[in-house]
Amino acid sequence: MNGEAPSVASGYRGRFAPSPTGPLHFGSLLAAVASFADARAHDGVWLLRIEDLDRPREVLGAADAIQRTLRAFGFEWDEPVVFQSARLDAYDAALARLEALGLVYGCGCSRAEIAARARARAGLEGPIYPGTCRDGLPPGRKARSLRLRTATDPIDFEDRIQGRHGHSVAESIGDFVLRRADGLHAYQLAVVVDDAWQGVTHVVRGADLLLSTPRQIGLQRALGLPTPIHAHVPLVLDDQGRKLSKSLAAAPVDGADPLPALRLAWHLLGQESQAAISLHDFWRHAIAGWRIERVPAGLSGSLRPGPGAMLRSPPSPDCAQSPWRDRDHRRRV
Ligand code: GLU
């Protein structure tokens with residue numbers, strides 16, 4: 001991007017960790033912009049990790065497409081891309097360590113059984129696991145998944161954007177899955193193992209993962225791993241208030257025309273507007289001007305018109321309707 005080698009002197013190591021379940025959409029771009037700008041503004045290293053553990057959900061070619069799009073947007077990662085599918089031994093080793101600590105147990109329950117159990121209480125992410133197999137599998141049951149024995153004490157953390165957050169994992173989520181019934185390692189385990197292995201000091205990602213953070217901190221503590229500093233950027237919602245990545249309107253970003261989407265991301269991140277006319281310019285200003293304290297905790301009503309309408313350059317450079325040419329709009333952004 002700037003042609004300058006990043007300095008590692010600051011000790012900052014950030015990362016972007018997309019799952020290859022489709023092309024890069026605008027919500028992910030927002031997280032990537034924040035993560036990259038924060039890393040570079042700290043003179044830090046920025047890493048790319050492809051979280052391709054969930055093979056059934058993976059879309060063929062998406063990992064390559066995401067990398068191509070990121071490059072087209074001017075992102076540069078400083079070390080070879082890490083693929084989680086190549087790290088299964090490390091996740092097994094972490095599981096073995098937790099098992100040796102007596103923190104893992106086999107569970108024979110299916111999702112439907114958990115949901116159907118009268119005792120199952122609604123938690124922060126669906127029904128709280130009622131602990132059916134915690135003290136041993138009921139007779140005749142075989143272990144399907146492996147779960148972590150969670151503790152009741154609250155796990156709080158200070159988020160650089162969202163402020164203080166946290167909950168008791170046992171009381172709000174319950175004993176959660178570390179290895180799924182289909183044999184795949186769970187995201188919560190893999191992310192903790194990899195963040196530590198890659199020496200990640202700062203996690204900047206979407207607020208959809210805010211509720212995962214106490215689980216990850218719990219795992220870090222159990223495994224004796226350091227906890228990175230967190231910042232969760234607001235989710236981009238579509239016009240119906242649905243999370244963009246879940247909506248039909250999830251607009252893949254266009255690598256052939258990166259500036260409009262970058263400017264919109266910059267605006268939604270609450271940053272001072274800039275009139276960059278090239279990618280190089282955009283990132284130069286972005287890195288110099290990045291202020292994480294300006295990032296709003298939530299985005300509400302700030303997406304009119306919807307992001308899809310603003311992700312492309314106007315058909316003609318002289319188009320007076322372009323939000324990027326309209327000075328009043330520019331003042332607002
Ligand atoms: N792979 C996750 C996702 O695409 C992000 C994981 C993380 O940043 O911790 O939603």
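For reference, positions follow the sequence shown, starting with 1. Note that ligands are numbered from 1 as they come in the structure, with each ligand's atoms numbered from 1 the same way. Reckoned from all heavy atoms, side chains included, excluding hydrogens, waters and symmetry mates.
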Novice: So, the side chain of Q271 versus the backbone of L269: is there a donor-acceptor pair under 3.5 Å, distance only?
Specialist: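 Such a contact is found between Q271 side chain and L269 backbone.
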
Novice: Quick one: nearest non-hydrogen protein atom to atom 7 (C) of ligand 1, plus distance?
Specialist: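 For atom 7 (C) of ligand 1, the nearest protein heavy atom comes out as R15 NH1, 3.3 Å.
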
Novice: Classify the angle between the aromatic ring planes of H230 and H232 as parallel (below 30°), tilted (30 to 60°) or perpendicular (above 60°).
Specialist: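 Parallel, since the angle between the ring planes stays under 30°.
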
Novice: Hey, can you tell me if Y91 and H185 have their rings parallel, tilted or perpendicular (30° and 60° cut-offs)?
Specialist: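 The rings of Y91 and H185 stand perpendicular, inter-plane angle above 60°.
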
Novice: Less than 3.5 Å apart, any donor N or O on the side chain of R13 or H202 sitting next to an acceptor on the other?
Specialist: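 There is no such pair between these side chains.
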
Novice: Among all protein heavy atoms in this structure, tell me which lies nearest to atom 3 (C) of ligand 1, with the distance rounded to 0.1 Å.
Specialist: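 It is S19 OG, 3.6 Å.
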
Novice: I need the nearest protein heavy-atom contact for atom 6 (C) of ligand 1: residue, atom name and distance, please.
Specialist: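 Residue, atom and distance for the closest contact: E51 OE1, 3.2 Å.
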
Novice: Does F16 come within less than 4.0 angstrom of ligand 1, counting non-hydrogen atoms of the residue?
Specialist: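 Heavy atoms of F16 never come under 4.0 Å of ligand 1.
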
Novice: Quick one: which ligand 1 atoms are inside 4.0 Å of a heavy atom on V191?
Specialist: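 Close to V191: 9 (O).
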
Novice: Under a 4.0 angstrom heavy-atom cut-off, which atoms of ligand 1 come close to Y187?
Specialist: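 Once the distances to Y187 are compared, the set is 6 (C), 7 (C), 9 (O).
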
Novice: Of the protein's non-hydrogen atoms, which lies at the shortest distance from atom 5 (C) of ligand 1, and what is that distance?
Specialist: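 Of the protein heavy atoms, A17 O, 3.3 Å lies nearest.
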
Novice: Quick one: look up the protein heavy atom nearest atom 10 (O) of ligand 1 and list residue, atom name and how far away it is.
Specialist: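 Result for atom 10 (O) of ligand 1: L209 CD1, 4.3 Å.
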
Novice: Please identify which atoms of ligand 1 are closer than 4.0 Å to at least one heavy atom of R205.
Specialist: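 Answer for ligand 1: 7 (C), 8 (O), 9 (O).
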
Novice: Is the gap between the ring centers of F36 and W283 under 6.0 Å?
Specialist: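 Yes, the ring of F36 comes within the 6.0 Å limit of the ring of W283, centre to centre.
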
Novice: Consider only side-chain N and O atoms of Y187 and D54, and report whether a donor and an acceptor are under 3.5 Å apart.
Specialist: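 Not at all, the side chains of Y187 and D54 share no donor-acceptor pair under 3.5 Å.
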
Novice: When L219 is tested against each of T150, L225, L178 for side-chain contact (heavy atoms from CB on, under 4.5 Å), which residue passes?
Specialist: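 Testing L219 for a side-chain contact (heavy atoms from CB on, under 4.5 Å) against T150, L225, L178 leaves exactly one candidate, L178.
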
